[in-house]
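Scroll down for the structure; my scribbles are underneath it.
Throughout, protein chains are lettered first and strands after them, A, B, ... in sequence-line order, and every chain is numbered starting at 1.
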2 protein chains.
Amino acid sequence: MVTLAEVARHAGVSASTVSYVLSGKRSISAPTRERVEHSIKELGYHPNAGARALASSRSNILALMVPLRTVYVPVMMEIAIAVATTARSHGYDVLLLTGEEGPAAVRRVTGSGLADAMIVMDVELEDERLPLLHAARQPTVLIGLPADTVGLTCVDLDFTATGALCAEHLAELGHREIAVVGEAAAVYERHTGFAERTLEGLRRRAGELGVRLLHRPCEGSYESMDGTLSRIFDERPGTTGFVVQNEAAIDPLLSLLRRQGRAVPEDVSVVAVCPEQVATQASVRLTSVAIPAEEMGRRAVELAVAKLAGQPLEEQVTLLAPELTVRASSGPAPGTS
Amino acid sequence: MVTLAEVARHAGVSASTVSYVLSGKRSISAPTRERVEHSIKELGYHPNAGARALASSRSNILALMVPLRTVYVPVMMEIAIAVATTARSHGYDVLLLTGEEGPAAVRRVTGSGLADAMIVMDVELEDERLPLLHAARQPTVLIGLPADTVGLTCVDLDFTATGALCAEHLAELGHREIAVVGEAAAVYERHTGFAERTLEGLRRRAGELGVRLLHRPCEGSYESMDGTLSRIFDERPGTTGFVVQNEAAIDPLLSLLRRQGRAVPEDVSVVAVCPEQVATQASVRLTSVAIPAEEMGRRAVELAVAKLAGQPLEEQVTLLAPELTVRASSGPAPGTS
DNA sequence: TTGTAGGCGTTATCAT
DNA sequence: ATGATAACGCCTACAA
């Protein structure tokens, strides 16, 4: 293994000079710099990560905690990829932690100095990792909002506004009875913020606009969607608008509506909360509020990097404004002039 | 930050004793061990990762290179999660690298000693990272097969056998004209091994069994599936069997067949190559060959760990045997007694 | 602009 | 069974 010292010898300079050429923390004369850079190339030198971490107490690693359970959801992967690529562009690598270990993972990573900062996905309202994250000397950025955000840096889509936006869109089209196909029951039981906040936004705005709202959780399989749909139409036969939040439920919903002879958007309108890709690849191009996964991942890294640079953060909570894109799945309520 | 030295002082022993209590590399008397462990708890000591890596030249980190392009595919995510959890159970953390950087990432990680071993997903037949991986001092495990596997450790589903199995199943049911809905054209252009090998297995076995085979790549959107389907039936109106390899094409295919009035499995049979979850959650429970994502990830880690332990590996290439599960999407060809 | 030297926290070799 | 004490490779005041 080539060391800094060997490079220094080869270039005829001292070790510190090589170090400074690498870090750029002091000015180096052009000829010296060239000699050193040439030696680095020629010897194929790569700084040793461990030594660097020890001496500088910086690992140049960002830890990313991903949820274990909900992870097959493409959104999570998209965020993870965005985190990884953005991190690289700032000189950081990403350590992948699964939620499996729970708080222990936080202890391990913060305690060992393995990572310089943590990004935590899928935060629950009363997340058991929060106390540890508060106590850690590494900065943390949450993707998602816990109940209490005091002293925390968070990034998330503004799901309350998202819910409101969906309600508004359908109300404007004349729909008076809206059904919400929600996330799986387990998601609500875990008190994941986004699901509850979306619902709250929907309810409030629907109330303001005089629209009736019915919410039903849904697992996302054809069977469960079938049952959910029956119960919805049993209870509210006049339902003409749907808001779907569960990605997995989208295809089943469209498919079942078609099978029941309900045309989209002539008979019923559907608005989805999902990534763009899902909305445009469904059997009907969906009117949707995009989940800006890439942006969330990117912003989280940028905030983490800013914190590491010691920049005081102006906003502690970054809520991304939702944008609703009208596509082919929503139209005027039946009987509307 | 609490250091080993502080623990030693607190426990009234030398630093090396504490180190050995932690590593278990030499026997420690019960009382001493207890004192040390007590001090560790009381002071909240955590070994410093950088120092450890420097002194032992082991980072206890496994690098995982995930593909950038095809990554939103659930299979990839599942593998990644399996890698992360298995790695943890062996005391390793996982560094997430995206294919974006290409060979440079390999250089960086191997050169810096950031990771003790690498696991590379989505290997192409002539992968440009292979030469570097060969030269690296860290062991590597590939998920997927390149053209030349000499000196490499690889894990993959036996896709050739998978193709053969699909052909057999349909042939046994009396189907004489089979269409293969393949991966997106880009996948073949990149010379990804699994796609070509599946096709090869299909073609060979179909040939042996006197079954006609038509292969068409497919992007996975409804539009492209629609076009693909038309062309298939134009060219081979007698097609009664389908093999789908592109996860994204499954829902569109089923949906379009239904719309065309072709019943599954009465008129046409469909066999998919996909994760179990996808097969059981589709609108028709699919006869399928499972892609054992979890097992692939797990095996890859186990192989990497074995290599790190210096165990000579008996098998360099691990091909997992495919298993076909018959569900509701395949049945006798129409007109078969 | 460049060199010198001490220290970062662990591991592991030699002693005892 | 335990202790001293070199490394490990790099960073960064402090000097020159």
What's [X] touching, base or sugar-phosphate or nothing? Going by heavy atoms closer than 4.0 Å.
{"X": "B/Thr32", "value": "sugar-phosphate"}
{"X": "A/Leu4", "value": "sugar-phosphate"}
{"X": "A/Ile28", "value": "sugar-phosphate"}
{"X": "A/Ser23", "value": "nothing"}

So, [X] versus [Y]: side-chain donor-acceptor pair below 3.5 Å or not?
{"X": "A/Ser16", "Y": "A/Ser19", "result": "no"}
{"X": "A/Gln316", "Y": "A/Thr153", "result": "yes"}
{"X": "A/Glu42", "Y": "A/His38", "result": "yes"}
{"X": "B/Ser89", "Y": "B/Thr86", "result": "no"}

Mind calculating the distance between [atom1] ([X]) and [atom2] ([N]) to the nearest angstrom?
{"X": "A/Tyr20", "N": "D/dC11", "atom1": "OH", "atom2": "P", "value": "10 Å"}
{"X": "A/Glu6", "N": "D/dC8", "atom1": "CD", "atom2": "P", "value": "11 Å"}
{"X": "B/Leu114", "N": "D/dC10", "atom1": "CG", "atom2": "P", "value": "13 Å"}
{"X": "B/Asn48", "N": "D/dG9", "atom1": "CG", "atom2": "P", "value": "17 Å"}
{"X": "A/Lys25", "N": "D/dT12", "atom1": "NZ", "atom2": "P", "value": "4 Å"}
{"X": "B/Arg58", "N": "C/dA12", "atom1": "CZ", "atom2": "P", "value": "10 Å"}
{"X": "B/Arg35", "N": "D/dT2", "atom1": "CZ", "atom2": "C1'", "value": "11 Å"}
{"X": "A/Tyr45", "N": "D/dG9", "atom1": "OH", "atom2": "P", "value": "10 Å"}

Inspect the contact between A/Arg108 and A/Glu101 and indicate whether a charged nitrogen and a carboxylate oxygen are less than 4.0 angstrom apart.
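The answer is yes: the pair qualifies as a salt bridge.
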Should the pair A/Lys41-A/Glu37 be classified as a salt bridge under the 4.0 Å nitrogen-to-oxygen rule?
no
Can you sort out which residues in residues 11-19 of chain A have a heavy atom within less than 4.0 Å of DNA chain D? Ascending by number, please.
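Within residues 11-19 of chain A, the residues near DNA chain D are A/Ser16, A/Ser19.
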Decide yes or no for B/Ser59 and B/Leu114: does some side-chain heavy atom of the first lie under 4.5 Å from some side-chain heavy atom of the second?
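Not in contact.
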4.5 Å side-chain heavy-atom contact, A/Met76 and A/Met121:
yes
Which one, D/dC10, C/dG9, C/dT1, comes nearest to the side chain of B/Leu54?
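Given the options D/dC10, C/dG9, C/dT1, the side chain of B/Leu54 is closest to C/dG9.
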From C/dT10, D/dA13, C/dG9, pick the nucleotide closest to the side chain of A/Arg26?
D/dA13
Of the non-hydrogen atoms in B/Tyr45 and B/Leu4, which two are nearest, and what is the gap between them?
CE1-N, 3.4 Å
Suppose we call a contact any N or O donor and acceptor under 3.5 Å apart; does that hold for the side chain of B/Arg9 and the base of D/dG3?
no
Is it the case that the side chain of A/Arg58 and the backbone of A/Ala53 share a donor-acceptor pair, with hydrogens and angles ignored and the cut-off at 3.5 Å?
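Looks like no, no N/O pair under 3.5 Å.
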Five pairs at each end of the helix from C/dT1-D/dA16 to C/dT16-D/dA1: take the axis at both ends and give me the angle between them to 10°.
30°
For B/Ala51 and B/Arg33, find the nucleotide of DNA chain D closest to each by heavy atoms; which residue's nucleotide sits nearer the 5' end?
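It is B/Arg33, whose closest nucleotide lies nearer the 5' terminus.
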